[in-house]
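Have a look at the structure below, then the notes.
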Amino acid sequence: PLARPPAAMAVFWLGSLAYSSVMHQLRQGWRRTSRAQLAAAEEAVLAKYVRHSRRRLGLVDLVLPVPTPSCSLAAISRLWASRFAIFEPKSSAGTSAHRAASIPAAAGRPGESPPAVDAVTAGINTLILPGDEVDIDGESDETALVVVHGYGAGLGFFFPVYDALAEAVGPRKTVYALDWPGMGGSPRPAALRRHLKRLKSEADAGVRTGDHARLAAAVDACEHLFVAGLEAWREAHGINRMALVGHSLGGYLAAAYAMTHPDKLSSLVLASPAGFTRRAATDAPAAGADGANHGARQLPAAAHVIAQMFDANVTPQTVIRLLGPYGHRLVAAAVERRFAHVPPDARRLIAEYLYHVSAGDGSGEYALGVFFRLHLGDTAGADHRGLLPHAPLIPRLEDALASGSLPPTSVLFGDHDWMLNRGTKADLDTAPSPLRDNTIIVPTAGHHLYMDNPSGFVDAIMGSVVL
């Protein structure tokens with residue numbers, strides 16, 4: 001700007017000021033959401049539909065290890081060297097005091113110093129449904145049922161099944177549900193967002209250059225961030241072992257946790273899990289220079305735009321945030337279509353809750369682009385359209401089964417679940433019998449099994465978990 005004439009400089013600075021003002025309005029007023037509004041929407045859903053008399057909702061603060069930009073990818077992939085610490089949860093209504101815990105730093109390679117990390121506070125929003133005979137303020141029960149949500153959702157989505165699950169586990173057990181760091185009702189630290197975007201860039205570079213080690217390091221680092229967060233959360237609550245139920249992306253992360261900490265699980269239930277396939281994203285055709293993304297099949301222009309947006313890390317939540325108050329209308333219309341079978345009052349509460357979950361600051365949502373690529377289908381792989389993982393679950397679960405390090409595992413799908421495509425069915429047919437024989441199809445249900453057929457979902461879980 002200094003080399004330009006004064007008039008051009010004035011235009012430049014005025015344009016910059018206008019841009020900053022517009023962006024400030026987009027961040028502050030256009031979205032019309034806040035942490036308080038999200039908490040209120042979540043409480044409205046739970047208060048109306050969860051009758052459990054001892055329901056508690058609280059926040060546990062964790063300090064997550066986030067490598068600095070100067071940290072090498074090799075060091076990032078060895079995040080066990082990073083430090084974890086857990087603080088006592090903030091005192092608030094409905095939050096019990098949990099014992100503090102810590103995960104000591106593990107040694108890296110001999111003679112190698114641990115990577116530098118930034119300590120980033122990332123609370124985990126937690127719903128607790130203790131049985132009538134459970135001492136809430138004492139030590140937790142031997143085994144607890146823990147439910148984790150999928151992408152773009154939160155613990156409030158499971159409201160149709162909480163009471164039934166709490167009754168089914170009995171008076172001496174506790175049901176927990178949590179929001180992943182940076183998602184749902186958990187805080188959204190900016191440092192976590194920056195870290196995940198860096199990992200996305202590393203994963204993309206690995207795909208672009210064919211450097212599979214670089215890609216694997218980025219995926220491993222991202223998985224470990226959430227797996228270690230769940231393990232820290234378990235220790236903070238004093239839970240000895242978990243019967244872990246993960247839905248969609250939560251199923252993918254639950255499987256990663258099970259393969260890392262099998263001794264901490266009594267059983268694992270993957271409900272319509274993302275990434276449950278044999279085909280890796282790198283097996284699919286890459287985007288061409290002409291923008292014909294992810295496959296040779298002729299697709300509508302809108303599909304290509306969606307694929308390019310996914311590659312650019314533009315999430316659905318980003319679109320909702322940019323639409324501001326109109327984003328609420330978009331969410332409400334989507335809820336009306338998808339959950340038409342749900343009573344109107346429930347649809348209204350779901351739409352309000354989902355809007356505030358989506359319109360909040362972007363953070364944990366950017367993990368999706370690290371784990372997956374959007375594949376729209378081609379002549380050779382049309383059966384595997386959708387999100388293809390860089391690290392497919394089925395081969396990894398097979399390895400864990402072969403080594404005897406996988407807890408009893410069940411897989412649930414709805415009978416019209418878009419995750420259960422022809423490719424997934426074919427992959428299941430060749431899976432080992434412990435996975436194939438323990439796959440349950442829930443009738444009259446799609447991807448959101450808990451909302452489409454709550455009783456069938458609860459029956460499938462209780463027939464699968466070990467408590």
Side-chain angles (χ1 to χ4, degrees), residues 19 22-23 26-27 30-31 33 150-153 180 182-183 188 190 192-208 215 218-219 222 248-249 252 274-275 279-335 337-338 354-378 381-382 384-390 418-419 421 447:
Y19 174 80
V22 169
M23 294 306 296
L26 285 173
R27 287 193 297 267
W30 184 246
R31 282 181 286 156
T33 189
Y151 182 77
W180 293 105
M183 302 185 197
R188 319 280 184 95
L192 179 59
R193 177 183 70 246
R194 291 192 295 269
H195 175 52
L196 293 175
K197 286 188 173 183
R198 286 198 298 269
L199 292 180
K200 172 69 162 64
S201 297
E202 290 293 339
D204 288 346
V207 171
R208 191 168 54 251
L215 171 61
V219 173
C222 194
S248 196
L249 177 62
Y252 177 90
R279 190 175 191 189
T282 49
D283 296 336
D290 61 351
N293 196 329
H294 303 275
R297 174 182 293 264
Q298 294 300 313
L299 295 164
H304 290 302
V305 171
I306 292 171
Q308 295 292 346
M309 289 173 64
F310 186 91
D311 283 348
N313 219 12
V314 178
T315 65
Q317 293 90 332
T318 301
V319 175
I320 291 170
R321 286 191 287 269
L322 290 175
L323 288 175
Y326 299 100
H328 194 291
R329 300 181 187 178
L330 178 64
V331 171
V335 169
R337 287 195 305 272
R338 175 59 183 84
L354 180 57
Y355 171 71
H356 291 295
V357 164
S358 303
D361 293 337
S363 185
E365 70 196 56
Y366 295 105
L368 190 73
V370 182
F371 296 136
F372 301 94
R373 288 190 77 202
L374 183 60
H375 177 56
L376 297 176
D378 63 289
H384 288 86
R385 290 194 205 103
L387 293 177
L388 279 181
H390 291 300
W418 68 270
M419 286 282 194
N421 54 38
H447 182 55

Task: Between CG on residue N313 and CZ on residue R193, distance to nearest 0.5 Å - done: 11.5 Å
Task: Closest non-hydrogen atom pair, C222 against F371 - done: SG-CZ, 3.5 Å
TODO: Provide the closest heavy-atom pair for L330 versus I320 in the form atom of the first, atom of the second, distance.
DONE: CD2-CG1, 4.5 Å
Task: Closest non-hydrogen atom pair between Y252 and G275, with its separation - done: CD1-CA, 4.3 Å
- [ ] With rounding to the nearest 0.5 Å, note down the distance linking CG in L199 to CG in L215.
- [x] 11.0 Å
- [ ] Please report the closest heavy-atom contact between L387 and L374, naming both atoms and the distance.
- [x] CD2-CD1, 4.0 Å
TODO: Establish, from distance only, whether the side-chain atoms of Q317 and Y151 form a donor-acceptor pair under 3.5 Å.
DONE: yes
- [ ] Please lay out, stage by stage, how R321 and T315 fare under the test side chain to side chain contact (heavy atoms under 4.5 Å, CB included).
- [x] CA-CA 10 Å; R321 286 191 287 269; T315 65; 4.1 Å; yes
- [ ] Begin from the C-alpha positions of E202 and R198 and carry the test side chain to side chain contact (heavy atoms under 4.5 Å, CB included) through to its verdict.
- [x] CA-CA 6 Å; E202 290 293 339; R198 286 198 298 269; 5.6 Å; no
TODO: Look up atom OH in Y366 and atom NZ in K197, then write down how far apart they are to the nearest 0.5 Å.
DONE: 4.0 Å
TODO: Would you confirm whether R188, through its side chain, and S363, through its main-chain N or O, come within 3.5 Å as a donor-acceptor pair?
DONE: no
Task: Distance in Å, Q308 CD paired with I306 CD1, rounded so as to fall on 0.5 Å steps - done: 11.5 Å
TODO: For K200 and L368, indicate whether the former's side chain and the latter's backbone hold a donor-acceptor pair under 3.5 Å.
DONE: no
Open item on the list: For a 4.5 angstrom cut-off between non-hydrogen side-chain atoms, does M309 reach T318?
Closed with: no
Task: Shortest non-hydrogen contact from F372 toward A274 - done: CZ-CB, 3.6 Å
- [ ] Compare every heavy atom of R373 with every heavy atom of A281, then report the nearest pair and how far apart it is.
- [x] CB-CB, 3.9 Å
Task: Partner set under salt bridge (charged side-chain N to carboxylate O under 4.0 Å, His left out) for R329, not counting sequence neighbours - done: none
Open item on the list: Could you tell me if the side chain of P316 sits less than 4.5 Å from the side chain of E365, heavy atoms only?
Closed with: no
